[in-house]
J.: 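Mind having a look at this structure? Questions to follow.
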Amino acid sequence: MRRTEMRAIVVNEWGGPENLVEREIERPEPGLGEVLVRVHAAGVNPVDWKTRASGGLITWGETPIVGWDVSGTVEAVGPGVTLYAPGDEVYGMPLFPRQAGGYAEYVVAPARHFARKPGSLDHVEAAALPLAALTAWQALVDTAGVSAGQRVLVHAAAGGVGHLAVQIAKARGAYVIGTASAAKHELLRGLGADEVIDYRTTDFEDAVADVDVVVDAIGGDHGERSLKVLRPGGHLVTLPGPDGVPADPGGVHASWVLVEPDLKGLEEITALVERGLLKPLIDTVLPLEQAAKAHEIGELGRTTGKIVLTVA
C-alpha cells in the first residue's frame, strides 16, 4: 500500500531555530498542471530563517514549512502535465513567496516552477542553486540588463547570492568587483572577480567608481552609499527589501527585486552550469532532521556559499 504520510520539518511557532521540529504529515498529491517531486536535497537561504522568526510576508498553509530550494525526482504528475514524467530529475524554487514546504520528503507545485536538473551536478549542488541563482539572474539580467564591458559591483560577493552573481556577471562579459573579507579574496578571484575590496579595512566608495550596476545583498546604508559609485544612468539593485532603495536615487535607477519562479531563468542557469561557467559553493551539508542547526549556522552570517539539507 502506498505511503500517505511524509517527514517534514515544520515551524512549531514563530521564533528561534528550536521551533523547527520534525513531524509526520499528510503527503501532498499533484493537481491540475502540478508535479509531485520526491525531494533529495533542500537548500537553506536567509529567507528561511527570517520567515521562521516571524512568519514574514509569506502566505502560509495550515502547517508552516519553510524551504524553497529543492532538487529531486518527479514521483507523479497531475492532469495536463506534458513537460515531465515520473523519474525525471528536476530542481527549482517553487511557489515563492507562497509556502512550498521544501524541508520535507515531497513537494507539490506547478510543473513549470521546475527545470531539468543539470546533469553535471548532484542533488546537493543543484539544491543550492535555484533561489540564489534566480535572484542573481533576475537582478543582473532581467532588471539591470548587464552586458559585456560593463562594470558590476557585488556586495557580499562570497555569500549565497553574491558568489553566483559574480559568476553570472562574468559570464556576460562584465568587469566584476566584489566586497568580501580578505580571507575570501582568493576564492572570489577564482570565481572570476576582477577586483576584490576588503570591506573591513576599506570603504568601497573610496576604492571604486564609474560602476554601471551594483547588486546590494546587504541592505542598510549600502544602497545610499552605492549611489556614490554609480555612473549617471547606472542601476542599483537591492535584494533584502524595499527599505534599501534610496528615496532619491538622483540620475540612476534603483530597484528592489523579489525573486519569483522562472522556468526560462532556470534553463539559462542550467546552460551556464553545463558550459562550466557557473558552480555553486557548498559551505555545509546536514541531514533534514538537523534543520535547526542549519539555521543556527546560517544566522551567524559567516558562511561561504550555501547550506544544504539532505533528505533520505
J.: Any donor-acceptor pair under 3.5 Å linking the side chain of T179 with the backbone of I197?
T.: no

J.: Could you go through L309 and Q290, starting from their C-alpha distance and side-chain angles, then the distance that decides it, and tell me whether this counts as side chain to side chain contact (heavy atoms under 4.5 Å, CB included)?
T.: CA-CA 8 Å; L309 300 172; Q290 293 188 32; 5.5 Å; no

J.: Tell me if a side-chain donor or acceptor on E296 pairs with a main-chain N or O of P17 at a distance below 3.5 Å.
T.: no

J.: Under 4.5 Å between side-chain heavy atoms, counting indirect links through other Ile/Leu/Val/Met/Phe/Trp/Tyr residues: same cluster for L281 and W137 or not?
T.: yes

J.: Using atom types as modelled and distance alone, determine if a side-chain donor or acceptor of T51 lies under 3.5 Å from a backbone N or O of D48.
T.: yes

J.: Could you tell me if the ring centre of Y199 sits under 6.0 Å from that of H222?
T.: no

J.: Report yes or no: does H163 contribute a side-chain atom to a donor-acceptor pair with the main-chain N or O of G305 at less than 3.5 Å?
T.: no

J.: Against R151, only a single residue in D194, V208, V213, L230 fulfils side-chain contact (heavy atoms from CB on, under 4.5 Å); can you say which?
T.: V208

J.: Do F96 and V11 share a hydrophobic cluster (ILVMFWY, side-chain heavy atoms under 4.5 Å, transitive)?
T.: yes

J.: Between R7 and E289, does any NZ, NE, NH1 or NH2 come within less than 4.0 Å of an OD or OE carboxylate oxygen?
T.: yes

J.: Do E89 and H123 have side-chain atoms, one donor and one acceptor, less than 3.5 Å apart?
T.: yes

J.: Are I218 and W256 linked, directly or through other ILVMFWY residues, by side chains that come within less than 4.5 angstrom of each other?
T.: no

J.: Strictly distance-based, threshold 3.5 Å: is any side-chain N or O of D69 a donor or acceptor partner for the main-chain N or O of L131?
T.: yes

J.: Does R52 count as lying over the ring of W60, i.e. NZ or CZ under 6.0 Å from the six-ring centre, within 45 degrees of the axis?
T.: no

J.: Nearest 0.5 Å, please: how far is CG in D88 from OG1 in T73?
T.: 9.0 Å

J.: Taking the side chain as everything from C-beta on, heavy atoms only, tell me whether V21 gets closer than 4.5 Å to I9.
T.: no

J.: Of all heavy-atom pairs between P28 and L36, which one has the smallest distance, and what is that distance?
T.: O-CD1, 3.6 Å

J.: Determine the minimum heavy-atom distance between Y103 and I65, stating which atoms define it.
T.: O-CG2, 3.8 Å

J.: Check whether any side-chain N or O of K184 sits under 3.5 Å from a backbone N or O of L188 as a donor-acceptor pair, and report yes or no.
T.: no

J.: Going by the side-chain contact (heavy atoms from CB on, under 4.5 Å) test, name the single residue among D210, D206, V214, L236 that passes it with V229.
T.: V214

J.: So does E205 pair up with R225, basic N to acidic O under 4.0 Å?
T.: yes

J.: Indicate the atoms forming the closest heavy-atom contact of P30 with G78, along with that distance.
T.: CB-N, 3.8 Å

J.: Indicate whether the side chain of H235 and that of S255 have a donor and an acceptor atom separated by less than 3.5 Å.
T.: yes

